Chemist: 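To start, I am sharing the structure in question, which I have written as structure tokens.
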Amino acid sequence: MRKIPPGVGPKHPQVVVLVGATGDLSRRKLLPGLFHLSRAGFIPGCRIIGVSLDDLDADGFRALAREALDQFGTRRAGDADWATFAGDLDYVPLSAGAAALGAAVARAERSLGGETRRIHYLSVPPNAALSAVRLLGEAGLVAQSRVIMEKPFGTDLASAVSLNDQLHAVFSEDQIFRIDHFLGKEPAQNILAFRFANGLFEPIWNRNFIDHVQIDVPETLGLGRRSAFYEATGAYRDMVVTHLFQILAFMAMEAPTSLEPVPISEEKNKVFRSMLPIDPKDVVRGQYTGYRAEAGVDPESDVETFIALKCAIDNWRWAGVPFFLRTGKRLAEGQRIISIAFREPPKSMFPVGSGVGAQGPDHLTFDLADAAKMSLSFYGKRPGPGMRLDKQSLQFSMNDTGLIGDVLEAYERLILDAMRGDHTLFTTAEGIERLWQVSTPLLEAPPPVRLYEPGSWGPKSIHQLVAPHAWRLPFERAWRAPALPVGG
Ligand code: BG6
């Protein structure tokens, strides 16, 4: 097994109370992630206590976990590893109450021996999360503990403030880890490395050189079984006010004084403070045809399954640079890109018809897939007579490095960080409340939803929104195929 470098994992063994243990996220990401972290030796010891409304016993929970690993785990669970992990699992149904939960945690702590820490993962909607917080309080499980919360962190400013107040009645802010899994993605963290570990790009990372920015996250998937959640949420609350704005902050922030949680949050919050309120005129809301006929959806639903918008960061670095954001369900392609368009040269000496400008300005593009890619595209001369220009590119693909197996899935990374008490990649109450504040004009007067065909790129008006620019997706040219392995 690979040797884990010292300091990447928590110092003390962990007791995880997983609330919502039988739910979708738990089965898809959290149980497979905890399995990998334990098996790979990232955690010095771990017991997991599943909690949910389902009336299971420990063996029933083990069976559910095994099934989840087989169905959703990206790494094979061998018999010996599984047997060890299964022995670390326990289960307490919510109906058993606080005392039973407290007793299960005490048992787990005794079995680990020595000094331990508690981590409560609340993988449930906000109302259930607040009852879970009260239950943890009653069970005496607040001391020596950290709590990971899942979005949505409110649905508007007032509800976010009230949620934070209720949380703070039990847990202090430094115990709370609000997860935004986009920040746990390797390529999101690589934005920081790319910007601040190199001298080349930072000097031009501003309004003098950058014309506009696109953060584009189209998805091909539909709602699956999430219609109830989605009807109460919509694309803006599900994706923009969360993931897309967080990525925007990494892209736009000033250099922090150090790579520590407080300096990073400070710089991200300054970006959010500089954001202008979202003007409903700069927003296209869409809904795919057929959405209203889906099970669990109101036949007159006005919920958007697509959103594209223009926003602005009114500070010295970014004043006047439009940021275009887009995301939606049932679109033509699944992609997660940030594309930065540089300003075109002030004057072209290349003859009309030479091709310069024909494929848009030079661009830097980040692909935020786990197998991250980056591309810098620019004009160069096409070989042959005369001066014809072609778009060429320099590309980096993580797939070519042989290190792709070391990538931690976003939830794995973030759970490990929370166990270590590291807030760097988590969002703060202040940041979230500010994002709801800039969202208020849109939430109060949303433009009407426009229909789009499943498999398209959204309603037609998205083109007016970016004009005179154009959406970078769909790419005119595909990414270069990964290099063949040496000798391959
Ligand atoms: C979730 C949203 O937070 O992120 C989903 O609720 C969305 O609607 C998902 O599909 C996208 O995440 P990823 O990691 O698959 O890009």
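Indexing begins at 1, ligand by ligand and atom by atom, following the structure's order. Bear in mind the structure is a predicted one, so any value in this text is a computation, not a measurement.
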Chemist: Please state which protein non-hydrogen atom is closest to atom 3 (O) of ligand 1 and give its distance, to 0.1 Å?
Modeler: His243 NE2, 2.7 Å
Chemist: Holding to ring pair (Phe, Tyr, Trp, His ring centres under 6.0 Å), I want the full list of residues that pass it with Tyr230, two or more places apart in sequence or in another chain.
Modeler: none
Chemist: Would you mind checking if Glu409 and Lys29 are paired as a salt bridge, meaning a charged N to carboxylate O distance below 4.0 Å?
Modeler: yes
Chemist: Would Lys151 count as a cation-pi partner of Phe153, with NZ or CZ less than 6.0 Å from the six-membered ring centre and within 45° of the ring normal?
Modeler: no
Chemist: So, does Glu304 use its side chain to make a donor-acceptor pair with the main chain of Pro446 at under 3.5 Å?
Modeler: no
Chemist: Looking only at protein heavy atoms, identify the closest one to atom 7 (C) of ligand 1 and say how far it is in Å.
Modeler: Glu219 OE2, 3.4 Å
Chemist: Show which atoms of ligand 1 fall inside a sub-4.0 Å distance from at least one heavy-atom site of Lys329.
Modeler: 5 (C), 7 (C), 8 (O), 10 (O)
Chemist: Looking only at non-hydrogen atoms, which of Thr305, Thr242, Asp238 approaches atom 6 (O) of ligand 1 most closely?
Modeler: Asp238
Chemist: Below 30° counts as parallel, above 60° as perpendicular, anything between as tilted: where do the rings of Tyr91 and Phe61 land?
Modeler: tilted
Chemist: List ligand 1 atoms under 4.0 Å from Met239, heavy atoms only on the residue side.
Modeler: 2 (C), 4 (O), 7 (C)
Chemist: Would you mind running through ligand 1 and noting each atom that sits below 4.0 Å from a heavy atom of Phe182?
Modeler: 12 (O), 16 (O)
Chemist: Work out whether the distance between some heavy atom of Tyr230 and some atom of ligand 1 is less than 4.0 Å.
Modeler: no
Chemist: Please report whether ligand 1 has a polar contact with Lys185, defined as an N or O pair separated by less than 3.5 Å (distance criterion only).
Modeler: yes
Chemist: The criterion is salt bridge (Lys or Arg N to Asp or Glu O under 4.0 Å); which residues satisfy it with Asp180, sequence neighbours excluded?
Modeler: none
Chemist: Between Arg326 and Glu333, is there a side-chain N and carboxylate O pair less than 4.0 Å apart?
Modeler: no
Chemist: Does a salt bridge link Glu254 with Lys268, judged by any charged N lying under 4.0 Å from a carboxylate O?
Modeler: no
Chemist: Heavy-atom distance to atom 5 (C) of ligand 1: which of Lys29, Arg226, Arg336, Arg28 wins?
Modeler: Arg226
Chemist: Can you sort out which atoms of ligand 1 are near Lys151, meaning under 4.0 Å from one of its heavy atoms?
Modeler: 1 (C), 2 (C), 3 (O), 6 (O)
Chemist: Please report which non-hydrogen protein atom sits nearest to atom 4 (O) of ligand 1, along with the residue it belongs to and the distance in Å to one decimal place.
Modeler: His181 CE1, 3.3 Å
